[in-house]
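Down below is the structure, laid out as structure tokens.
So you know, we letter chains A, B, ... as the sequences are listed, proteins then strands, and number each from 1. Keep in mind the model is a prediction, meaning the values are calculated, not measured.
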Number of protein chains: 2
Amino acid sequence: MSCAQPYALQLRARGYRMTPQRLAILHVLHHSGKHLSPSEVYQQACVELPGLTETTVYRTLEFLTENGLARPAYMGSGHLVYEIAGHEHHHLKCRICGHEMEVRHDLLKTLYRQLESESGYRLTDSHVTFIGLCPDCQKGE
Amino acid sequence: MSCAQPYALQLRARGYRMTPQRLAILHVLHHSGKHLSPSEVYQQACVELPGLTETTVYRTLEFLTENGLARPAYMGSGHLVYEIAGHEHHHLKCRICGHEMEVRHDLLKTLYRQLESESGYRLTDSHVTFIGLCPDCQKGE
DNA sequence: ATTCTTATTGCAACTTTTTACAATAGTATA
DNA sequence: TATACTATTGTAAAAAGTTGCAATAAGAAT
Ligand SMILES: [Mn+2]
Ligand SMILES: [Mn+2]
Ligand SMILES: [Zn+2]
Ligand SMILES: [Zn+2]
């Protein structure tokens, strides 16, 4: 529960409240380190906070996303997964074995600048997942 | 219905069948040109083919995706939308007004090569959506 | 034209996700 | 510490999306 303080402050600064539900969900995301589906978040957070509902989990994940504490990732499974918002990164996933690796955001910096100057948009966010064949799975082709 | 021939051939070459359901759905995607949700596809295709079911629409959109005739896009709404698979492109969307524009795939070519050499993966696909503020919406900031 | 194989569909049941609204409970203020 | 304000939650119902299976029909073979 020691991870709570900074999150509480961030929320309060924006006029929102820290609640046992948000705390439990943040705790799960913070200590898991992995990508979790809403259902996985629900199951794990329920242990810490019995009575938590799935509705609240969905709402909270969206809320945390909007406030920069969580990040959704569309990994091609057709369903969103979530992770705690630490360093900004993207994903590269093997379409055969499912192996995932992170893509540093600075690899996209040049592209970002190029896009901004071409389009006139100011980029603030992106959903980026690359899919391919990992070195192992390329051998079996 | 004149758009059907090439699609039918592509499917048959892979051992699959062309059906009135697939034809109606392809027809909708082909002539819409826009991104459509499964529900929009269902409603429009139903006009051409009464009796079509939503189950079939979901299954067909996934089938067409796997076979390269349709492409899903995750536009940040939390729901997938689909479009006919023409030229390869990505998307840039304004988080305020929702305005969308296309991003040419060749802008990502350099990044693709860099990623492949860094990771050892062979890239085959990607889900890429950029989000930001369009020129108009930047003024109101 | 008829038969055969099996890919594809519709149906019904199920799971996942969203929504509306009244009850609850953070937190600021006195 | 008690009070007031309203953000947040749980409940129940609806909507969106998935799955298993028996019936159907596309297309190849005869
Ligand atoms: Mn990640
Ligand atoms: Mn598009
Ligand atoms: Zn692999
Ligand atoms: Zn805009």
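Taking atom CD1 of residue Ile25(B) and atom C1' of nucleotide dT8(C), one finds them 12 Å apart after rounding to whole Å. Atom CG of Leu11(A) is separated from atom P of dT6(D) by 19 Å (rounded to the nearest Å). For the pair Leu52(A) CG and dT9(D) C1', the interatomic distance rounds to 10 Å; values are reported in whole Å.
Sequence neighbours left out, not one pair with a member in residues 11-40 of chain B passes salt bridge (charged side-chain N to carboxylate O under 4.0 Å, His left out). Sorted by first and then second residue, the salt bridge (charged side-chain N to carboxylate O under 4.0 Å, His left out) pairs involving residues 120-130 of chain A (not counting sequence neighbours) are Arg71(A)-Asp125(A).
OP1 or OP2 of dG17(D) lies within a sub-4.0 Å distance of a side-chain N or O belonging to His79(B). An OP1 or OP2 oxygen of dG10(D) is reached within less than 4.0 angstrom by a side-chain nitrogen or oxygen of Thr56(A). Between dT8(D) and Arg22(A), a contact under 4.0 Å exists linking OP1 or OP2 to a side-chain N or O. Dashed line: the shortest gap from a side-chain N or O of Gln21(A) to OP1 or OP2 of dG10(D) is under 4.0 Å. Of the side-chain N and O atoms in Tyr58(B), one or more sit less than 4.0 angstrom from OP1 or OP2 of dG17(D).
The listed nucleotides are dC11(C), dT9(C), dG10(D); the one nearest the side chain of Thr53(B) is dC11(C).
Under 4.0 Å is where a charged nitrogen must lie from a carboxylate oxygen, and between Arg104(B) and Glu118(A) at least one such pair does.
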List the atom pairs, with distances to 0.1 Å, where a side-chain N or O of residues 132-139 of chain B and a protein N or O form a donor-acceptor pair under 3.5 Å, not counting sequence neighbours.
| from | atom 1 | to | atom 2 | distance (Å) |
| --- | --- | --- | --- | --- |
| Gln138(B) | NE2 | Gly120(A) | O | 2.8 |
| Gln138(B) | NE2 | Leu133(B) | O | 3.0 |

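For Tyr112(B), the side chain to side chain donor-acceptor pair (under 3.5 Å) partners at least two apart in sequence or on another chain are Ser126(B).
Connectivity analysis of hydrophobic side chains (ILVMFWY, heavy atoms under 4.5 Å, direct or indirect) links Leu9(B) to nothing; its cluster partners are none.
For dG17(D), its base never sits under 3.5 Å from the side chain of Arg59(B) at any donor and acceptor pair.
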Protein-nucleic acid N or O pairs under 3.5 Å, nucleotides 25-27 of chain C:
| from | atom 1 | to | atom 2 | distance (Å) |
| --- | --- | --- | --- | --- |
| dG26(C) | O3' | Met18(A) | O | 3.4 |
| dG26(C) | N2 | Arg17(A) | NH2 | 2.8 |
| dG26(C) | N3 | Arg17(A) | NH1 | 3.4 |
| dT27(C) | OP1 | Arg12(A) | NE | 3.3 |
| dT27(C) | OP1 | Met18(A) | N | 3.0 |

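Heavy atoms of Gly51(A) sit under 4.0 angstrom from primed sugar atoms or phosphate atoms, though from no base atom.
Judged by distance alone, the side chains of His31(B) and Gln44(B) never bring a donor and an acceptor atom under 3.5 Å apart.
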